[in-house]
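Taking it in order: structure first as structure tokens, then the write-up.
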Amino acid sequence: IEEILDDMEANGTDFSTYDSNGDGEIDAINLYFAGGGTACGWAKGMWPGSGGMGGSWSADGVSANRFQITHMGASLTLGTFCHENGHMVVGWPDLYDYDSGAGNVGAGVGQFDIMCVSGGTNPVEPSAELKRAAGWLTPTALPGSPTTGISIASSAGNVAWQYTKNGNEWYLIENRRQTGRDANVPDHGLA
């Protein structure tokens with residue numbers, strides 16, 4: 001990555017324009033590599049991932065730190081790219097079971113979250129909790145007493161509801177539908 005950045009700097013790239021939040025670091029570095037990501041087995045060899053460079057490279061008043069590297073395979077897809085950027089840009093965790101391997105269906109939260117199963121060319125949306133943590137949605141509070149007749153729209157528009165049991169315990173509820181980004185979730189309904 002440092003060799004690539006050196007070449008870009010030598011060719012006139014102004015890296016200061018890649019620090020939108022003003023923290024002195026390039027916000028994100030995305031690198032694709034040719035080939036598949038599983039040739040050597042899970043998490044071995046050239047494996048998609050994200051990490052930090054520790055600010056060892058700098059130019060134009062900013063340093064390089066957060067990066068992600070994704071395989072291209074036979075054609076470019078969005079899934080792994082979006083998953084790794086979830087780590088790098090938003091700080092989301094993996095939601096799959098490390099013992100079972102990345103994206104193992106049924107491990108972790110399964111096929112209902114981009115941070116568990118990447119989704120190829122049409123990656124699924126992140127769950128309501130990750131959207132809430134990123135500031136992408138503010139859940140609508142549900143009444144504390146039993147209520148009927150509430151209409152719950154699809155979560156595709158960054159919509160969720162929050163039921164608070166007490167000050168320290170609450171539940172987020174979303175309506176996942178098999179359309180748009182969620183076309184490939186294994187089922188639909190309330191989550």
Side-chain angles (χ1 to χ4, degrees), residues 1-98 101-104 107-109 111-137 156 158 180-185:
I1 291 174
E2 288 184 13
E3 289 176 15
I4 294 167
L5 295 172
D6 285 340
D7 186 63
M8 291 173 69
E9 174 68 10
N11 285 296
T13 300
D14 178 5
F15 287 97
S16 68
T17 63
Y18 297 104
D19 178 18
S20 66
N21 62 4
D23 67 355
E25 290 185 354
I26 298 168
D27 294 327
I29 298 170
N30 293 280
L31 178 67
Y32 274 104
F33 66 89
T38 58
C40 299
W42 189 73
K44 293 182 174 57
M46 288 293 286
W47 184 259
S50 61
M53 297 170 58
S56 61
W57 186 93
S58 62
D60 305 316
V62 295
S63 62
N65 187 20
R66 294 178 299 262
F67 71 89
Q68 72 90 16
I69 183 169
T70 300
H71 67 287
M72 291 191 311
S75 63
L76 294 174
T77 61
L78 290 173
T80 303
F81 176 85
C82 292
H83 173 96
E84 296 304 336
N85 273 277
H87 292 308
M88 182 173 50
V89 176
V90 194
W92 291 336
D94 283 323
L95 295 178
Y96 55 79
D97 178 357
Y98 281 94
N104 184 7
V109 299
Q111 295 176 318
F112 288 93
D113 197 296
I114 184 68
M115 298 311 293
C116 186
V117 175
S118 298
T121 57
N122 187 28
V124 299
E125 293 201 22
S127 62
E129 171 52 21
L130 295 183
K131 290 178 182 181
R132 186 204 62 78
W136 296 357
L137 73 79
N158 293 343
R181 286 280 174 228
D182 279 350
N184 296 317
V185 295

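Under the 30°/60° scheme for interplanar angles, the aromatic rings of W57 and F15 are found to stand perpendicular. Between Y96 and H83, the ring-plane angle classifies as parallel under the 30° and 60° cut-offs.
Taken to the nearest 0.5 Å, the OG1 atom of T13 stands 11.5 Å off from the CG atom of D6. Note that CG of D19 and CD1 of I26 are 8.5 Å apart. Values are rounded to the nearest 0.5 Å. Taking NE2 of H87 as the start and CE of M115 as the end, the distance is 3.5 Å to the nearest 0.5 Å. Note that OH of Y32 is 8.0 Å distant from OG1 of T80, once rounded to the nearest 0.5 Å. Expressed to the nearest 0.5 Å, how far CD of E9 lies from CG of D14 amounts to 8.5 Å. The CG atom of L95 sits 10.0 Å away from the CD atom of E129 when rounded to the nearest 0.5 Å.
The nearest pair of heavy atoms linking P126 to W92 is CG-CH2, 3.5 Å. In this structure, I29 and A64 approach most closely via the heavy-atom pair CD1-CB, 3.8 Å. Minimum interatomic distance between I69 and E84 (heavy atoms only, all atoms of both residues): O-CG, 4.5 Å. Looking at every heavy atom in both residues, E125 comes nearest to D182 through N-OD1, 3.2 Å. Annotation for G54 and N65: closest pair N-OD1, 2.9 Å, computed over non-hydrogen atoms. Between L130 and P93, the shortest heavy-atom distance links the atoms CD2-CD, 4.1 Å.
Test N122, I114, V124 against R181 for side chain to side chain contact (heavy atoms under 4.5 Å, CB included) and you get one pass: N122.
Inter-residue side-chain proximity for V185 and Q111 is flagged as unmet; no heavy-atom pair is nearer than 4.5 Å.
A donor-acceptor pair is defined here as one N or O able to donate and one able to accept, closer than 3.5 Å; such a pair exists between the side chain of N85 and the backbone of F81.
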